[in-house]
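Accompanying notes for the structure given below.
Only a predicted model underlies this, so the values are computations on that prediction, with no experimental measurement involved. Below, chain A is the first sequence line, B the second, and so on; all start at residue 1.
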Number of protein chains: 2
Amino acid sequence: MTARFPNIGDVATAAGVSTATVSRVLSAPDRVSEATRAIVIRAIEETGYRINHAARNLRRRQAGGIVVLVPNLANPFFSQILSGITSAMATSGYNVLIADTRHAGDADHRIADYLHNNRSDGLIVLDAQLPPDVLSAGETAARRPPIVFACEWLDDDPRPTVTIDNFEGARLAVDHLADLGHRSIGHLTGPPDNVLTIARARGTRAALAARNLTVREDWFFEGDFSLASGAALAVHWLALSERPSAVFCASDAMACGFIGALHQRGVSVPDDVSVVGFDDIEIAAHFVPSLTTIAQPRALIGETAARTLLALLENGRTTDVATSVSQTLPVRLVARESSAPPR
Amino acid sequence: MTARFPNIGDVATAAGVSTATVSRVLSAPDRVSEATRAIVIRAIEETGYRINHAARNLRRRQAGGIVVLVPNLANPFFSQILSGITSAMATSGYNVLIADTRHAGDADHRIADYLHNNRSDGLIVLDAQLPPDVLSAGETAARRPPIVFACEWLDDDPRPTVTIDNFEGARLAVDHLADLGHRSIGHLTGPPDNVLTIARARGTRAALAARNLTVREDWFFEGDFSLASGAALAVHWLALSERPSAVFCASDAMACGFIGALHQRGVSVPDDVSVVGFDDIEIAAHFVPSLTTIAQPRALIGETAARTLLALLENGRTTDVATSVSQTLPVRLVARESSAPPR
DNA sequence: GCATCTGATGCAATCGATTACATCGCTGCA
DNA sequence: TGCAGCGATGTAATCGATTGCATCAGATGC
């Protein structure tokens with residue numbers, strides 16, 4: 001019914017060459033004489049030929065795409081990392097599939113499916129809390145596409161990882177508050193088994209200790225990085241008989257939720273309590289009050305992860321060098337209105 | 001070097017049947033006797049067989065995925081729509097590719113590539129401001145995969161579109177402010193050639209007129225939906241000799257940017273000026289002050305668009321019915337702290 | 001002038017799943 | 001008994017690009 005799309009054979013006929021030559025013009029232009037190449041390119045344009053990726057991928061025994069496993073697409077923190085990934089992947093020829101690991105529709109078997117070679121050529125994993133059997137570097141790993149971890153990581157895992165220095169970030173936050181004169185500092189954490197939570201909480205404890213400030217367990221509140229959890233923890237904080245004069249939140253979202261809920265209850269930031277966030281998401285600079293936070297180079301994290309994966313893929317095609325590098329990107333403190341000297 | 005993955009032939013051998021039967025178990029289970037089906041399924045499990053999508057797509061002459069064109073991945077407004085789309089697509093077998101149309105890496109030719117049938121089986125377009133030749137329903141359209149527009153649309157375009165009632169949303173916002181007693185109401189718009197901008201501005205003007213309130217052109221400010229533009233327009237607003245007592249912003253992001261910048265300059269919301277946003281993004285409820293806004297059913301928009309596209313794809317396979325429906329989803333006002341009676 | 005080499009190109013097998021068509025065995029009816 | 005009909009299954013062509021190997025023309029060397 002509908003006219004067939006031109007295929008490589010049609011181009012070959014139009015150019016008066018064989019399909020092999022057309023294919024070479026597409027994938028290895030150097031192996032074709034300049035004159036022939038020009039003719040073929042013209043024929044491609046005239047026929048309106050578009051390469052059929054399914055056929056190419058089948059023959060090349062590849063999937064043609066990489067998959068990004070992200071814990072929560074709706075979190076603006078991740079969208080900018082995705083931006084960096086897609087930007088770095090744009091010219092590579094690989095498709096970028098994004099899968100929300102916490103999403104109902106994306107059941108476990110679906111994720112496991114992505115881990116299979118003929119579904120994707122590689123993965124960037126932003127969620128290290130997936131079931132261990134899914135991510136383990138175990139025996140079936142040979143059948144799996146290469147994985148690059150970003151933001152989160154698995155302890156003692158040899159695979160390449162792109163992270164920031166979370167420990168240092170927490171130290172910067174606590175030092176900043178201590179420098180302002182705060183002696184009582186609380187901390188809102190992420191989910192307890194999360195590596196980021198652990199690293200940031202350790203950094204917080206270490207920095208407090210280094211400043212000779214007491215580490216009070218009842219000033220550590222367990223959240224989950226979300227706006228809602230920050231708001232919920234504000235209620236717990238208000239219920240304390242003795243409240244810290246400053247709170248370091250393990251994410252900007254929690255910080256915003258926390259400040260918002262305090263505001264609803266007539267508690268003012270930074271007058272009544274100073275707040276420092278983590279991430280420097282876009283809203284941080286515009287929040288009321290604007291949010292002091294630890295900035296992560298989000299786009300750079302994404303780009304770096306993507307480039308590392310591309311290198312792995314390239315490597316896999318040629319030699320079998322085990323490219324395993326861990327890259328730690330810098331964080332910095334951005335001081336804004338939400339932190340001030342205690343009253 | 002690496003052991004080959006089991007293919008459909010290996011499964012056939014293991015089960016003692018032909019590849020055709022295995023294929024039928026996979027794609028048309030009804031056409032295989034129950035006994036054989038059980039044997040084949042066992043063989044699939046034993047061999048660890050995974051279907052090769054490249055081969056299937058090649059044979060079926062399809063791309064195996066749909067593409068979502070989104071103007072800005074980093075905007076949280078879109079991420080929830082994407083959530084809805086991926087959720088509705090999860091069980092369909094189609095991959096979901098996300099392309100950021102405003103992103104440097106995604107040049108025009110790349111987008112045009114997606115518009116070609118053998119690159120994607122269908123598109124969901126959230127950005128109606130792409131170059132007209134890219135989206136036009138013109139002569140080459142037959143060679144193109146079906147398109148569903150969502151959020152934004154092209155006027156007089158026959159293709160299916162999922163939107164909300166922007167005109168009504170603007171009316172709700174203005175009526176709310178008028179009900180509170182505001183007689184002078186300004187409006188921050190999106191980019192001037194955007195359909196949403198136009199519809200919301202028309203709704204604003206109509207509602208003002210219906211209330212016998214003057215429509216003052218110097219109280220209409222041109223933004224671009226972003227946080228930064230909201231902040232920039234706050235400066236312009238402050239420069240007015242006569243300021244409206246309320247401002248309706250065409251996006252929550254602009255509203256937050258606007259309020260944040262006013263706060264920096266000592267102007268308080270809602271005491272000095274009431275603000276209403278549009279979208280009800282997650283932060284709206286947690287902002288300081290919490291933001292009165294027009295809520296859009298974001299996940300539902302995504303799901304509806306996805307389902308419409310799936311219906312189109314299904315249709316295309318059987319009959320050639322021109323499925324062309326426009327669906328308008330409801331909006332509602334969420335009153336919060338940022339709007340109050342004028343002083 | 002002839003053998004050899006090199007670069008360009010063509011031939012044809014191949015990747016793995018699907019599906020039109022053929023086949024086979026069985027039931028049921030005349 | 002014979003044959004149509006039907007459900008289940010097998011055979012083999014097919015989708016479109018890639019690539020190992022063969023071929024060929026022209027250049028180079030002796």
Show your working on side-chain contact (heavy atoms from CB on, under 4.5 Å) between B:Val17 and B:Ile39 and close with a plain yes or no.
CA-CA 9 Å; B:Val17 298; B:Ile39 294 172; 5.6 Å; no
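- Applying the side chain to side chain donor-acceptor pair (under 3.5 Å) rule to pairs touching residues 120-129 of chain A yields A:Thr101-A:Asp127, A:Arg102-A:Asp127, sequence neighbours excluded.
- Among residues two or more places apart in sequence or in another chain, the side-chain hydrogen bond (donor to acceptor under 3.5 Å, both in side chains) test is passed with A:Asn52 by none.
- Across all strands shown, A:Val22 has no heavy atoms under 4.0 Å from either base or sugar-phosphate atoms.
- Sorted by first and then second residue, the salt bridge (Lys or Arg N to Asp or Glu O under 4.0 Å) pairs with a member in residues 6-15 of chain A read A:Arg4-A:Asp10; sequence neighbours excluded.
- Put simply, CD on A:Gln62 is 11 Å from C1' on D:dT18, counting in whole angstrom units.
- Within a heavy-atom distance below 4.0 Å of DNA chain D, no residue of residues 37-51 of chain B is found.
- Note that the CG atom of A:Leu309 and the CD1 atom of A:Ile85 stand 9.0 Å from one another [nearest 0.5 Å].
- Interatomic distance, NE2 of B:His53 versus CG of A:Asn57, reported as 12.5 Å (0.5 Å rounding).
- Nucleotides of DNA chain C lying under 4.0 Å from heavy atoms of chain A occupy a range whose first and last members, 5' to 3', are C:dA8 to C:dG16.
- Among residues two or more places apart in sequence or in another chain, the side-chain hydrogen bond (donor to acceptor under 3.5 Å, both in side chains) test is passed with A:Asp193 by none.
- Scored by the side-chain hydrogen bond (donor to acceptor under 3.5 Å, both in side chains) test, A:Gln327 finds A:Thr308 as partners (sequence neighbours excluded).
- End-to-end axis angle of the helix from C:dG1-D:dC30 to C:dA30-D:dT1, using five pairs per end and rounding to 10°, comes to 50°.
- Each of A:Ile8 and B:Ala35 has a nearest nucleotide on DNA chain D; the 5'-most of these lies closest to B:Ala35.
- As rounded to whole Å, 13 Å separates atom P of D:dT9 from atom CG of B:Asp30.
- For B:Arg307, the salt bridge (charged side-chain N to carboxylate O under 4.0 Å, His left out) criterion is met by B:Glu303, not counting sequence neighbours.
- In this structure a side-chain-to-backbone donor-acceptor pair under 3.5 Å is missing from B:Ser27 to B:Arg24.
- For B:Arg119, the salt bridge (charged side-chain N to carboxylate O under 4.0 Å, His left out) test picks out B:Asp113, with sequence neighbours left out.
- Each of B:Ser33 and A:Leu58 has a nearest nucleotide on DNA chain D; the 5'-most of these lies closest to B:Ser33.
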Walk along nucleotides 19-24 of chain D from 5' to 3' and tag each nucleotide B, S or - by protein heavy-atom contact under 4.0 Å, base first, then sugar-phosphate.
BB----
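- The side chain to side chain donor-acceptor pair (under 3.5 Å) contacts involving residues 28-41 of chain A comprise A:Ser33-A:Thr36, where partners must be two or more places apart or lie in separate chains.
- Each of A:Ile124, A:Ile81, A:Leu126, A:Thr304 was compared with A:Val162 under the side-chain contact (heavy atoms from CB on, under 4.5 Å) criterion, and only A:Thr304 meets it.
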